[in-house]
Amino acid sequence: MMHHCALLLAAGGSTRLGRPKQLLNINGVPLVRHMAELLLATQPTRLVVVTGGAETGVCEALAGLDSVMVQNENWQTGLASSLRCGHRMLAHDNAPLLIAGTDQPRLTESHLRALLEHGDARKDVVTAYGPESCGIPVLLSPATQQRIDALHGDTGLRQLWKNAETAPVLVDAPELAFDIDTPVQLDAARRARWIDPD
């Protein structure tokens, strides 16, 4: 397995959902812990978890795991601040960085491993949901990571490849287009048994 670090973005406030999505259960395990365990299964040198909204519950859910927690005090400003916060903790490792979030209940260890298998120290590898859509999980090369500080507000990682000289490698996973942002999506996830009932 490629030498790499891992970053779990778990700082969101889940405002549209109305409850912390990080603490929904999947097979009896809080979703944030499930995602952290998937990342740890890839054997990263370090796993950093960025917290913000629901910080106390998230920290309790991750108790005992081999991870480093960092609080993003500016989490309400959007995704970019969490990316910057997590990257600052890992920048000196100078290794490819595997990044995941907490709202894709269909994510698997095998997909994370596929990202790592397609990457190297110079390539970015991105999850493709469809012909015109891509996003996390992603594997960022050290060179691309240096551009994270330029992101602001709710700007996602896609901005890192806009006008880039080298396009990222894409790994198909259309099932990961489904995430949990709203009560309707949560109901759908429960009907599909991707998320436990209350």
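Note that the structure is a prediction, hence the values are computed from the model and not measured.
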Can you confirm whether [X] sits close enough to [Y] that some side-chain heavy atom of one is under 4.5 Å from a side-chain heavy atom of the other?
| X | Y | result |
| --- | --- | --- |
| Leu47 | Val49 | yes |
| Thr127 | Val171 | no |
| Leu116 | Thr42 | yes |
| Leu17 | Gln185 | no |
| Pro137 | Leu107 | yes |
| Leu40 | Leu65 | yes |
| Ile148 | Leu140 | yes |
| Asn25 | Leu31 | no |

Which heavy atom of [X] sits nearest to which heavy atom of [Y], and what is that distance?
| X | Y | result |
| --- | --- | --- |
| Ala6 | Leu90 | O-CD1, 3.8 Å |
| Ala128 | Cys134 | CA-CB, 4.0 Å |
| Leu39 | Pro44 | O-CD, 3.3 Å |
| Pro96 | Asp120 | CG-O, 4.2 Å |
| Val58 | Leu23 | N-CD2, 4.0 Å |
| Ala36 | Leu62 | CB-CD2, 3.8 Å |

Worksheet item: Is there a side chain to side chain contact (heavy atoms under 4.5 Å, CB included) between Gln76 and Ser81 once you walk through the steps?
Response: CA-CA 9 Å; Gln76 291 173 306; Ser81 64; over 6 Å; no

Discussion item. Please enumerate all residues that pass salt bridge (Lys or Arg N to Asp or Glu O under 4.0 Å) together with Glu73, with sequence neighbours excluded.
Written reply: none

Discussion item. Taking salt bridge (Lys or Arg N to Asp or Glu O under 4.0 Å) as the definition, give me every residue that meets it alongside Arg88, ordered by chain and number, with sequence neighbours left out.
Written reply: none

Would a single hydrophobic cluster contain both [Y] and [X], if residues Ile, Leu, Val, Met, Phe, Trp and Tyr are joined by side-chain heavy-atom contacts under 4.5 Å?
| X | Y | answer |
| --- | --- | --- |
| Trp75 | Met35 | no |
| Leu97 | Leu170 | yes |
| Leu8 | Val68 | yes |

Inter-residue atom distance [X].[atom1] - [Y].[atom2], 0.5 Å rounding:
| X | Y | atom1 | atom2 | answer |
| --- | --- | --- | --- | --- |
| Ser82 | Arg84 | OG | CZ | 9.0 Å |
| Ser67 | Leu7 | OG | CG | 11.5 Å |
| Asn94 | Gln145 | CG | CD | 8.0 Å |
| His152 | Leu83 | NE2 | CG | 12.0 Å |
| Cys5 | Leu139 | SG | CG | 10.5 Å |

Fill in: Intermediate values then yes/no, side chain to side chain contact (heavy atoms under 4.5 Å, CB included), Arg190 and Leu24
CA-CA 10 Å; Arg190 285 180 168 150; Leu24 297 171; 4.2 Å; yes

For [X], which residues count as a side-chain hydrogen bond (donor to acceptor under 3.5 Å, both in side chains) partner, sequence neighbours excluded?
| X | result |
| --- | --- |
| Ser133 | none |
| His34 | none |
| Glu60 | none |

Discussion item. By the salt bridge (Lys or Arg N to Asp or Glu O under 4.0 Å) test, which pairs, at least two apart or in different chains, include something from residues 8-34?
Written reply: Arg16-Asp181, Arg19-Asp198, Lys21-Asp103, Lys21-Asp181, Arg33-Glu37

Practice prompt. For the pair Leu79 and Leu9, evaluate side chain to side chain contact (heavy atoms under 4.5 Å, CB included) and give the outcome as yes or no after the intermediate values.
Written response: CA-CA 8 Å; Leu79 177 65; Leu9 302 172; 3.6 Å; yes

Between [X] (side chain only) and [Y] (backbone N and O only), is there a donor and an acceptor less than 3.5 Å apart?
| X | Y | result |
| --- | --- | --- |
| Gln22 | Ala61 | no |
| Gln104 | Ile136 | yes |
| Arg113 | Ala41 | yes |
| Glu109 | Leu38 | no |

Can you list everything that forms a side-chain contact (heavy atoms from CB on, under 4.5 Å) with [X]? Sequence neighbours excluded, please.
| X | result |
| --- | --- |
| Ala189 | Phe178, Ile180, Trp194, Ile195 |
| Ser141 | Asp124, Ala143, Thr144 |
| Val169 | His118, Lys123, Val125 |
| Thr108 | Ser110, His111 |

Practice prompt. Enumerate the residue pairs fulfilling side-chain hydrogen bond (donor to acceptor under 3.5 Å, both in side chains) with a member in residues 44-55, sequence neighbours excluded, ordered by first and then second residue.
Written response: His3-Thr45, Arg46-Asp93, Glu55-Gln71

